[in-house]
Amino acid sequence: MNTNISILQNPSSVFSVMSKIAIESNAIDMSTGFPFFDCAPEILNIISTYLKKGYSQYTPSEGIFPLREIITKRINDAFKIQYNPESEIIVSAGFTEALFASIASIVKEDDEVVIFEPAYSHYTPLIAMHGGRPVYISLKEPDFKIDWKEVEKSVHTRTRMIIINNPSNPTGAVFSADDLEKLQKITSKSKIVVLADETMRHMVSPETQTTSILQFPELAQRSIVISSFGEINSMIGWELGYILANKSLMADVQKTHQFIVTSVNTPTQFAINDYFRNHEIADLKEFYQNKKQIFLNSLKNSKFIPLLSQGSFFQLLDYSQISKEKDIDMAIRITKEFGVSCIPLSPFYHETVNLKLLRFCFARPDQLLVKAGESLSKM
């Protein structure tokens, strides 16, 4: 098969390449990592009201205070912690800007940053962009657990940051309380900042205990927590998220953020503030558990082997009983010949790996999940 490996080994490229092939093949799209659902109609009505009222001017770069206030209140109440809405939260222009501002404010030339692989595609480029050096630690298949002894050996005086993604994109793995306790111990009395990507915190399977940096006050004090409203409200393109950190860390983040974003979208901020004043943040555990189960049930007669997915809306499938092809070639063939697009796992690593694993996003309507499973079962 004539696959352009040099293009596909860049994680950002693999998404665009697979999307292009999916469109050309008229395939069911299970490669793009966002929900195929509409946001709540009430949010649309609220934002329409603010648009008509002319809420089109700048807000403070850190976001409107009422929205910062309601987010911190919900988090403080849920985790018995105390973030100050005045100085310890920023409303960001989505997840990517939150990630950029957090890394740019902390990581300097030759600082080392620990990343767990397979890793979300943006981490390494942003670290390198700011002169940092990624230190990669591979998660252990098939459940993608962390070897904390290896982490301990990798941490030293040049280590400035450890990035955790909980739940993980692409694996769906969730940190245990024991994991976070070990992380707390390793980073104790150090200069290390933990950057916690908790974008999918509300999507942990019901049988799995939800964990967060926010449950560990000592660890939270030296952590930056980032999240997004896009995934939980099916409004990815609205690009609204937040950054949480103690006052000292946040001062550095705000210095960077203010020169990236003059103002986050004004009517969206007011609309989300109004909505959250009257609604709880969506708990999507049961919703995505049902989606995952529909997809897995449709694969019962296939030769794919599902790996455990404890959180997120991603499912890894092992195809080793079907083919010895490279995962990139396999993903392309499935898309073209069987009409279901997916993402190979290898681009989530910095070096070549020989894993027979593909990532599928099951944040899709039920009928598409069933149709996709039926098609994959023909392999």
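Predicted model only: the values in this text are computed from it and were never measured.
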Participant: If you look at every heavy atom in Arg364 and Phe34, which pair is closest and at what distance?
Facilitator: NH1-O, 2.7 Å

Participant: Locate the shortest heavy-atom distance separating Pro365 from Phe36; write the atom from each residue and the value.
Facilitator: CD-CB, 4.0 Å

Participant: Could you check whether Asp77 pairs with Lys73 (Lys NZ or Arg NE/NH1/NH2 to Asp/Glu carboxylate O, under 4.0 Å)?
Facilitator: yes

Participant: Just checking Gln209: does its CD atom have more than 12 heavy atoms from other residues, nucleotides or ligands closer to it than 6.0 angstrom?
Facilitator: no

Participant: Do Ser320 and Asp318 pair up side chain to side chain, a donor and an acceptor below 3.5 Å, judged on atom types alone?
Facilitator: yes

Participant: Membership question, hydrophobic clusters at under 4.5 Å side-chain separation (ILVMFWY): are Ile236 and Phe100 in the same one?
Facilitator: no

Participant: Ser323 vs Arg333, test: side-chain contact (heavy atoms from CB on, under 4.5 Å). Steps then yes/no.
Facilitator: CA-CA 11 Å; Ser323 172; Arg333 184 162 74 88; 4.2 Å; yes

Participant: Test side-chain hydrogen bond (donor to acceptor under 3.5 Å, both in side chains) on Ser346 and Asp327 and set out the steps.
Facilitator: CA-CA 7 Å; Ser346 59; Asp327 61 351; 2.8 Å; yes

Participant: For the backbone of Tyr58 and the side chain of Ser263, can you confirm whether one donor and one acceptor N or O come within less than 3.5 Å of each other?
Facilitator: no

Participant: Is it the case that over 12 heavy atoms from other parts of the model lie below 6.0 angstrom from the NZ atom of Lys20?
Facilitator: no

Participant: Nearest heavy-atom pair of Ser205 and Lys292: which atoms, and what distance?
Facilitator: OG-NZ, 3.1 Å

Participant: Partners of Phe79 by ring pair (Phe, Tyr, Trp, His ring centres under 6.0 Å), sequence neighbours excluded?
Facilitator: none

Participant: Can you give me every donor-acceptor pair (side chain of residues 127-139, partner residue at least two apart or in another chain, under 3.5 Å) with its distance?
Facilitator:
residue, atom, partner, partner atom, Å
His130, ND1, Leu126, O, 2.8
Tyr136, OH, Thr124, OG1, 3.0

Participant: Please confirm whether Phe295 and Phe362 have ring centers closer than 6.0 angstrom.
Facilitator: no

Participant: What are the two closest non-hydrogen atoms of His257 and Glu97, and how far apart are they?
Facilitator: ND1-OE2, 2.8 Å

Participant: Could you check whether Arg277 pairs with Glu69 (Lys NZ or Arg NE/NH1/NH2 to Asp/Glu carboxylate O, under 4.0 Å)?
Facilitator: yes

Participant: Taking atom CG of Asn301 as the centre, does the number of heavy atoms from other residues, nucleotides or ligands within less than 6.0 Å exceed 12?
Facilitator: no

Participant: Establish, from distance only, whether the side-chain atoms of Gln269 and Thr59 form a donor-acceptor pair under 3.5 Å.
Facilitator: yes

Participant: Run the ring-ring contact (aromatic ring centres under 6.0 Å, His included) test on Phe116 and Tyr123 for me, step by step, so that the C-alpha distance in whole Å, both residues' side-chain angles and the decisive distance to 0.1 Å come before the verdict.
Facilitator: CA-CA 10 Å; Phe116 299 105; Tyr123 300 156; over 10 Å; no

Participant: Using the ring-ring contact (aromatic ring centres under 6.0 Å, His included) rule, take Phe348 and Tyr120 through it: C-alpha gap first, then chi angles, then the decisive distance, then the call.
Facilitator: CA-CA 6 Å; Phe348 292 90; Tyr120 180 66; 7.9 Å; no

Participant: Are more than 12 heavy atoms from other residues, nucleotides or ligands located less than 6.0 Å from atom NZ of Lys145?
Facilitator: yes

Participant: Assess whether a salt bridge exists between Arg160 and Glu112, defined as any Lys/Arg side-chain N lying under 4.0 Å from an Asp/Glu carboxylate O.
Facilitator: no

Participant: With a 4.5 Å cut-off on side-chain heavy-atom distances among I, L, V, M, F, W and Y, is there a chain of contacts connecting Phe37 to Phe314?
Facilitator: yes

Participant: Are more than 12 heavy atoms, taken from residues, nucleotides or ligands other than Asp38, located less than 6.0 Å from that residue's CG atom?
Facilitator: no

Participant: Distance only, no hydrogens: is a donor on one side chain within 3.5 Å (strictly under) of an acceptor on the other, for Glu231 and Ser228?
Facilitator: yes

Participant: Kindly list each side-chain donor-acceptor pair under 3.5 angstrom involving residues 86-94, sequence neighbours excluded, with atom names and distances?
Facilitator:
residue, atom, partner, partner atom, Å
Glu88, OE1, Asn84, N, 2.8
Glu88, OE2, Lys247, N, 2.9
Ser92, OG, Gly94, O, 2.8
Ser92, OG, Gly241, O, 3.4
Ser92, OG, Tyr242, N, 3.3

Participant: Any chance NZ of Lys191 has more than 12 other-residue heavy atoms, nucleotides or ligands included, within less than 6.0 Å?
Facilitator: yes

Participant: After noting the C-alpha distance and the side-chain angles of Glu207 and Gln289, does the key distance pass the side-chain contact (heavy atoms from CB on, under 4.5 Å) rule?
Facilitator: CA-CA 10 Å; Glu207 70 274 9; Gln289 175 72 3; 3.7 Å; yes

Participant: Hydrophobic cluster membership, with links at side-chain heavy-atom distances under 4.5 Å among I/L/V/M/F/W/Y: are Ile21 and Tyr319 in one?
Facilitator: yes

